[in-house]
Amino acid sequence: MVAVEQVSSMFDTILVLDFGSQYSHLLTRRLREYNVYAEMLPCTQKISELGWKPKGVILSGGPYSVYDADAPHVDHDVFELGVPILGICYGMQELAWINGKQVGRGEKREYGPATLNVLNHASPLFKDVDHSTVWMSHGDKLNSLPTGFEVIATSDNSPYCGIANESKNIYGIQFHPEVTHSTKGKTMLKNFAVDICKAKQNWSMENFIDSEIKRIRELVGPTAEVIGAVSGGVDSTVASKLMTEAIGDRFHAILVDNGVLRLNEAENVKKTLIDGLGINLTVIDAADEFLDNLKGVTDPEKKRKIIGNTFIRVFEREAEKIKPKDGSNVEFLLQGTLYPDVIESISFKGPSQTIKTHHNVGGLLDDMKLKLIEPLRELFKDEVRHLGELLGISHELVWRHPFPGPGIAIRVLGEVTREQVEIARKADFIYIEEIRKAGLYDKISQAFACLLPVKTVGVQGDNRIYDQVIALRAIETTDFMTADWFPFEHSFLKKVSTRIVNEVDGVARVTYDITSKPPATVEWE
Ligand SMILES: Nc1ncnc2c1ncn2[C@@H]1O[C@H](COP(=O)(O)OP(=O)(O)OP(=O)(O)O)[C@@H](O)[C@H]1O
Ligand SMILES: O=c1[nH]c(=O)c2[nH+]cn([C@@H]3O[C@H](COP(=O)(O)O)[C@@H](O)[C@H]3O)c2[nH]1
Ligand SMILES: NC(=O)CC[C@H](N)C(=O)O
Ligand SMILES: [Mg+2]
């Protein structure tokens, strides 16, 4: 097989070695905002196994103390690369530890703002940086200066706030330039990457499209075929469009209609992807199979499991039927993995507690023995959206609210039946339609209707009714880890409530969910 270049070989790359700081990924974010490509790897990365040469290396902060017996340490080969190095907080302490072990616990811990006192204005790290505010978060400190270094900045509490060995191009700072509270932090990161490391500022989605299409073509070769599960969400659509640009109809997209998609969803996705984007898509109607398997099940995690398993079975069955024209087998599977997923899996810290087992099609690969293609694995969500727009995908699709794999099955509380799904679907459709009409769709991160398994009395047209309750949810969030409920005008809620009760049979009342996350989650199940 041809050796395929990695993105990090195609663009000048700053390597961020992660020691577990909660801010580490922001270092890559900030550099990319300056069109410098940056990639994060665990601090334990062996430099000899890297396979590409970075233009510079950043050692991140971290929760450990360098003098602890089990503290993580960088591979010393990093100093043999001959490229500039910047240590941040733990990263700076690591530089000092390697060079004389002069690090100890400080008398005072320092969290929050401090004023940077620049001593060496000629230092390239401080170009356009004055006595600005910097953000501190540490308990340890340097006891003395490592050999060959000079102090380039101080703060009230940190006599070694900035240190440099300019002949070797090694820098250390005690504060966190990657957080916005460090007012000139971004400038310092740019100074490091562009002026000190001489990294080219050519990372852009336009350049990424060309290099990625080339990379996919090399990887897949002239004849192999690729399949992919496509949901109509942003990630899988953007990945599919990129595949289509690269290899045309040798990419086979499959949308599984699991019977719990939104109203007219399968039809709409089909139209948008096939007619609008020229993607070779097959829609599989497996609604009966999913709904049969869900019969009698009320436990949310069981629903997820059943849907996940059924999904895998359906997908594999359909994939078998897709036979390339030359009689060979499909060789590759496309997945829309994003960079945050990659970061999570390489994070130096262990995984956080599972609240819900978010299912997707991650389980497919082991059994299917297909090679994986993940064209978005270097990208953040906003980069994927930008890429989607450049590939000609509509604003509406690119800015779609996320929709969970188990779909309406986790929005119909209790048992999932065709009738219950229909009620939730219709209410959801009206709600989203009104949100769009009011010009609120892009202001809200996610909105949907849930059907509650509760019966309640009402009066309609002088008749007593005894029907169910729709709960409306709308949240604002940046990362979906925490969220606030959206403050609709009362008149908006009134209009939606009236429409749902009037137009959807089976609904007696409408309520609005005013719980943030935490303590609630976004979905009700
Ligand atoms: N009904 C479906 N048919 C086929 N594939 C699906 C379906 N639902 C989910 N998937 C697969 O599961 C993956 C994960 O879903 P997820 O919702 O996280 O991503 P997405 O739908 O591509 O984008 P977004 O996060 O914007 O919704 C999808 O990328 C797709 O490959
Ligand atoms: O693909 C998915 N499979 C799932 O099982 C699932 N459960 C929740 N979600 C989505 O994740 C985000 C956070 O939701 P929660 O606060 O409910 O965990 C929200 O965007 C939810 O819609 C899921 N997505
Ligand atoms: N934010 C950090 O990198 C902290 C480093 C180290 N744990 C300290 O307390 O000093
Ligand atoms: Mg989705």
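Counting convention: from 1, in listed order, for ligands and their atoms alike. None of these values were measured; they are calculated from a predicted model.
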Looking at Glu525, Lys517, Glu301, the heavy atom closest to atom 13 (C) of ligand 2 belongs to Lys517
Looking at ligand 3, would Ser137 count as a contact under a 4.0 Å heavy-atom criterion? yes
Just distances here: any N/O of Asn258 and N/O of ligand 1 closer than 3.5 Å? no
Does a side chain donor of either Ser155 or Asn157 reach within less than 3.5 Å of an acceptor in the other side chain? no
Between Glu289 and Arg317, does any side-chain N to carboxylate O distance fall below 4.0 Å? yes
Can you confirm whether Val16 sits close enough to Glu39 that some side-chain heavy atom of one is under 4.5 Å from a side-chain heavy atom of the other? no
Quick one: does Arg109 get within less than 4.0 Å of ligand 3, heavy atoms only? no
Is Gln93 near ligand 3, meaning one of its heavy atoms is under 4.0 Å from it? yes
Does Phe311 reach ligand 1, in the sense of a heavy atom lying below 4.0 Å from it? yes
Does Phe403 have Arg262 sitting over its ring (NZ/CZ under 6.0 Å from centre, angle to axis within 45°)? yes
Show which atoms of ligand 3 fall inside a sub-4.0 Å distance from at least one heavy-atom site of Pro63. 7 (N)
Proximal atoms of ligand 2 relative to Thr521 (non-hydrogen, under 4.0 Å): 15 (P), 16 (O), 17 (O)
Hey, is ligand 3 close enough to Gly62 that some N/O pair sits below 3.5 Å? yes
